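A short worksheet on the structure shown next.
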Amino acid sequence: MAKILDGKKLARAIKTDVKKQVKTLNSIGVDVGLALLLVGANPASVQYFQATIRTCKKVRITAYEFRLPLTVSVNEILNAVHSINEDERIHGLLILMPLPSHINARRVINAVSPEKDVDGLGAISVGRLAADESTFQLFASSPEIVKQHSHFMHSIWSFLPCTPFGVMRLLEHHKVSLKGKHAAVIGKSLAVGKPLATMLLAKEATVSICHRETSNLSHYTQHADILCTATGKAGLIRGSMVKKGSVIVDIGISIAKNGSITGDVDFESVSKQASMITPVPGGVGPVTIAMLLENTVRSAQRNELFKSPLMI
Ligand SMILES: NC(=O)c1ccc[n+]([C@@H]2O[C@H](COP(=O)([O-])OP(=O)(O)OC[C@H]3O[C@@H](n4cnc5c(N)ncnc54)[C@H](OP(=O)(O)O)[C@@H]3O)[C@@H](O)[C@H]2O)c1
């Protein structure tokens, strides 16, 4: 039976560390602030909005709530984003997705200034990840690599997107070696699949990216040492589709009619083949919020460094 990659436990450890760093910032008079912008009342977004606010309270990050009606114009949203960009109390901005269909979401996301883009989805953040200018965040636990890249610290103001960053943290925490391994990522969205593939590549895995048009999906999954799936299709991955001894990361979330939450993976059959597996819920989800808070505190720290760059 596979070892369970417990996201709740790791998230607790990350939050404890965040709380300590917030306390240090408080001691020099800095209050860490995260803005949350919710348009309408999509139930999944409301749930994430409220859960993030609760978690902010626990780590003493001040949450600034911005709620706009479903009928809001793109201009009104942009005004809210611009005022958050200019607000010195706020170090990060999370925009809850999806935005209503009459709003150009990319236009809004790209309006977030890169130094506050703690969700890492703006074009600058995405570009810096692709250009390996922010992947040093992945090596934070290796002092040598951080030292090598320290020249980036005050010039780069972008962050890694929270869900794929959380997946990497979970793999690192459980000492899953990536170098030279075959990793298959199912899903190619801007928020999850694509950045995750880039991060795995940065760690020198050989990466296959699969999607709806991939023919013979099983061919890729059966050869994957690490299989990460983010489709939202419950039961897509069955035991016969995975390699014996592989590591399975289930990012997908599907809510059944009875309200129960499942991932993309048929846990029962896949856990018999895998060596490690994330549960849903309780796997990647809790780590995602923890990474958002970690990015926010990092943004506040960089802001302070920027005020006195000679400290680096
Ligand atoms: N745990 C967390 O913290 C967390 C955070 C974010 C998202 N999620 C969950 O992760 C899932 C993906 O989120 P997302 O934002 O990336 O969604 P998305 O934008 O809808 O992307 C889904 C991806 O899955 C691919 N796909 C769908 N059906 C497939 C199939 N049958 N075979 C192969 N590929 C298939 C799609 O391929 P095409 O591009 O070809 O259409 C697309 O690339 C959702 O369930 C979401 O709720 C979880």
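Every number for a ligand or one of its atoms is a count from 1 in the order of the listing. Since this is a predicted model, take the numbers as computed values, not measurements.
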closest protein heavy atom to atom 35 (C) of ligand 1 is Thr231 CG2, 3.6 Å

Salt bridge Arg169-Glu294, side-chain N to carboxylate O under 4.0 Å: yes

When you check the side-chain N and O atoms of Thr229 and Asp250, is any donor under 3.5 Å from an acceptor? no

Under 3.5 Å, is there a donor on one side chain and an acceptor on the other for Asn295 and Gln137? yes

With a 3.5 Å cut-off and no angle check, do the side chains of Glu76 and Ser73 form a donor-acceptor pair? yes

Measure from atom 8 (N) of ligand 1 to every heavy atom in Ile251, Thr221, Leu196 and give the option owning the shortest one. Ile251

Give the C-alpha distance, both sets of side-chain angles, the deciding distance and a yes or no for side chain to side chain donor-acceptor pair (under 3.5 Å) between Lys181 and Ser177. CA-CA 8 Å; Lys181 297 288 166 62; Ser177 99; 3.0 Å; yes

Using a plain distance cutoff, I'd like to know if Lys233 has any nitrogen or oxygen under 3.5 Å from a nitrogen or oxygen of ligand 1. no

Note the single closest protein heavy atom to atom 37 (O) of ligand 1, along with its residue, its atom name and the distance in Å. Arg212 N, 3.3 Å

Show the atoms of ligand 1 that are less than 4.0 angstrom away from any heavy atom in Gly252. 10 (O), 11 (C), 45 (O)

Atom 46 (C) of ligand 1 - nearest protein heavy atom and its distance: Ile253 N, 4.2 Å

Atom 15 (O) of ligand 1 has as its nearest protein heavy atom Ser189 OG, 4.0 Å

Provide the number and element of each atom of ligand 1 under 4.0 Å from a heavy atom of Ala230. 11 (C), 12 (C), 22 (C), 23 (C), 24 (O)

Nearest protein heavy atom to atom 5 (C) of ligand 1, by residue and atom, and its distance? Thr163 OG1, 3.1 Å

Can Asp6 and Lys8 be counted as an ion pair, charged N to O under 4.0 angstrom? no

Distance below 4.0 Å between atom 20 (O) of ligand 1 and any protein heavy atom? no

I want to know if ligand 1 touches Thr288 in the polar sense, i.e. an N/O pair below 3.5 angstrom. yes

Salt bridge Lys243-Asp225, side-chain N to carboxylate O under 4.0 Å: yes

Residue and atom name of the nearest protein heavy atom (relative to atom 13 (O) of ligand 1), distance in Å to one decimal: Val192 CG2, 4.2 Å

Between Leu236, Val280, Ile209, flag the one that comes closest to atom 30 (C) of ligand 1 by a heavy atom. Leu236

Pick from Glu213, Lys188, His211: the one approaching atom 39 (O) of ligand 1 most closely through a non-hydrogen atom: Lys188

Just checking, is any N or O donor in the side chain of Lys194 or Thr198 under 3.5 Å from an acceptor N or O on the other one? no

Is the Lys NZ or Arg CZ of Arg302 less than 6.0 Å from the centre of Phe159's six-membered ring, within 45° of the axis? yes

Pull out every atom of ligand 1 sitting under 4.0 Å from any heavy atom of Ile186, numbered as shown with elements. 33 (C), 34 (N)

Taking only heavy atoms of Gly285, which atoms of ligand 1 are found under 4.0 Å from at least one of them? 1 (N), 3 (O)

Determine, step by step, whether Tyr48 and Leu36 satisfy the side-chain contact (heavy atoms from CB on, under 4.5 Å) criterion, reporting the C-alpha distance in whole Å, the side-chain angles of both residues, the deciding distance to 0.1 Å, and the verdict. CA-CA 10 Å; Tyr48 190 45; Leu36 296 103; over 6 Å; no

